[in-house]
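A short worksheet on the structure shown next.
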Amino acid sequence: MAYKAFDLTGKVALITGGNGGIGLGMGKAIAEAGGDVCIWGTNAEKNAAALEELKPFGTRVAALSCNVANEKEVNDCFAETLSQFGRVDGCFANAGVTSGKKSFLDIDDADWQRVIGVNLDGAFYTLRAATRHMAERADNGDPGGRLIGTASLAAVSGAARNEHYAATKGGLISMLKAMAVEFAGKGITANAILPGWIETAMTEPAFNWQKFSDNVKPRIPARRWGNPDDFGGIAVYIMSDASAYHTGDTFLIDGGYFLF
């Protein structure tokens with residue numbers, strides 16, 4: 001018999017950047033566990049393709065076009081998500097970008113603002129909208145909610161030539177820890193997921209560089225790159241009733257890389 005606490009029937013997950021990579025990996029697992037999934041993304045073709053991957057699980061799914069760096073778009077899309085699904089039980093602030101490997105000396109204002117805009121401002125706008133909704137529900141006798149941010153190994157290691165990206169991910173972790181304390185009394189948890197070296201569109205250029213692969217892959221105790229499906233289990237756990245007392249944590253999923 002399956003562990004009933006992991007049954008996500010009736011729960012709704014919102015996943016920004018959910019049309020590919022880690023976001024889609026989490027979305028598929030949540031749908032397979034019975035949860036409804038709304039993904040936000042900026043690429044219409046990827047949104048449509050992601051929906052086709054989610055539909056076979058038989059739960060309610062939707063995809064909305066949203067640039068999370070735009071506060072109005074976030075608020076409008078959150079309202080549309082509520083219109084379609086009625087509620088949001090878990091919000092995954094997963095959308096992220098980088099501007100490529102540059103020396104700290106060469107990161108210009110445009111690079112900095114683009115990365116900050118999506119990774120930190122976008123997470124703030126998204127999590128704030130979700131928290132307002134969850135706090136209002138709690139005040140009306142329906143406590144609970146899950147706030148999740150996709151941070152990075154870069155937040156806790158020396159990510160040379162990627163300082164702007166690292167700064168956003170470190171800031172995201174700190175924001176979530178503060179939220180975990182502020183909203184625990186309403187039954188709302190807040191946690192961060194820290195991926196290591198995962199095969200996604202963002203990491204493809206690095207992984208296709210033979211020198212990088214030869215130097216980094218042997219340092220992963222699991223002896224492989226991670227993949228989006230490696231994040232399904234943690235997504236289901238955090239969305240589930242089993243994680244109700246687990247908040248303010250950082251889940252490092254990296255095949256043991258950081259330890260080694």
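Keep in mind that this is a model prediction, so the values were computed, not measured.
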query = What are the two closest heavy atoms between Ser240 and Leu8, and how far apart are they?
reply = CA-CD2, 3.6 Å

task = Heavy atoms only: give me the nearest Asn47-Ala63 pair and the separation to one decimal.
result =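 Distance-wise, the nearest heavy atoms are CB-CB, 3.9 Å.
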
Please tabulate, for side-chain N and O atoms in residues 122-129, each donor-acceptor pair with protein atoms closer than 3.5 Å (sequence neighbours left out).
| residue | atom | partner | partner atom | Å |
| --- | --- | --- | --- | --- |
| Thr126 | OG1 | Gly122 | O | 2.8 |
| Arg128 | NH2 | Glu71 | OE2 | 2.5 |

inquiry  = So, using side chain to side chain donor-acceptor pair (under 3.5 Å) as the criterion, who are the partners of Asn70 when residues are at least two apart?
reply    =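 Scan of Asn70 (side chain to side chain donor-acceptor pair (under 3.5 Å), adjacent residues dropped) gives none.
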
key: For Thr168, side chain to side chain donor-acceptor pair (under 3.5 Å) partners two or more places apart   =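 Thr168 satisfies side chain to side chain donor-acceptor pair (under 3.5 Å) with Asn119 once adjacent residues are dropped.
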
query = With ILVMFWY side chains joined below 4.5 Å, transitively, what does Leu105's cluster contain besides itself?
reply =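 Its cluster partners, ordered by chain and number, are none at all.
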
With a 3.5 Å cut-off and sequence neighbours excluded, list the donor-acceptor pairs that the side chains of residues 179-198 form with protein atoms.
| residue | atom | partner | partner atom | Å |
| --- | --- | --- | --- | --- |
| Lys186 | NZ | Asp139 | OD1 | 2.7 |
| Asn191 | OD1 | Gly248 | N | 3.2 |
| Asn191 | OD1 | Asp249 | N | 2.8 |
| Asn191 | ND2 | His246 | O | 3.1 |

note = Rounding to 0.5 Å, atoms NE2 (His164) and CG (Asp108) come to a distance of 8.5 Å

query = What distance separates Phe6 CZ from Tyr237 OH, expressed to the nearest 0.5 Å?
reply = 7.5 Å

ask   = Charged N to carboxylate O under 4.0 angstrom, Arg137 versus Asp89?
value = yes

task = Would you mind checking if Asp241 and Lys4 are paired as a salt bridge, meaning a charged N to carboxylate O distance below 4.0 Å?
result =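 Salt bridge between Lys4 and Asp241, a charged N being under 4.0 Å from a carboxylate O: no.
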
query = Side chain of Arg146, backbone of Ile238: donor and acceptor closer than 3.5 Å?
reply = yes

Show every donor-acceptor pair shorter than 3.5 Å between a side-chain atom in residues 252-260 and any protein atom, with sequence neighbours excluded, or say none if there are none.
| residue | atom | partner | partner atom | Å |
| --- | --- | --- | --- | --- |
| Asp254 | OD1 | Gly256 | N | 3.0 |
| Asp254 | OD2 | Tyr257 | N | 3.4 |
| Asp254 | OD2 | Phe258 | N | 2.7 |
| Tyr257 | OH | Arg219 | NH1 | 3.0 |

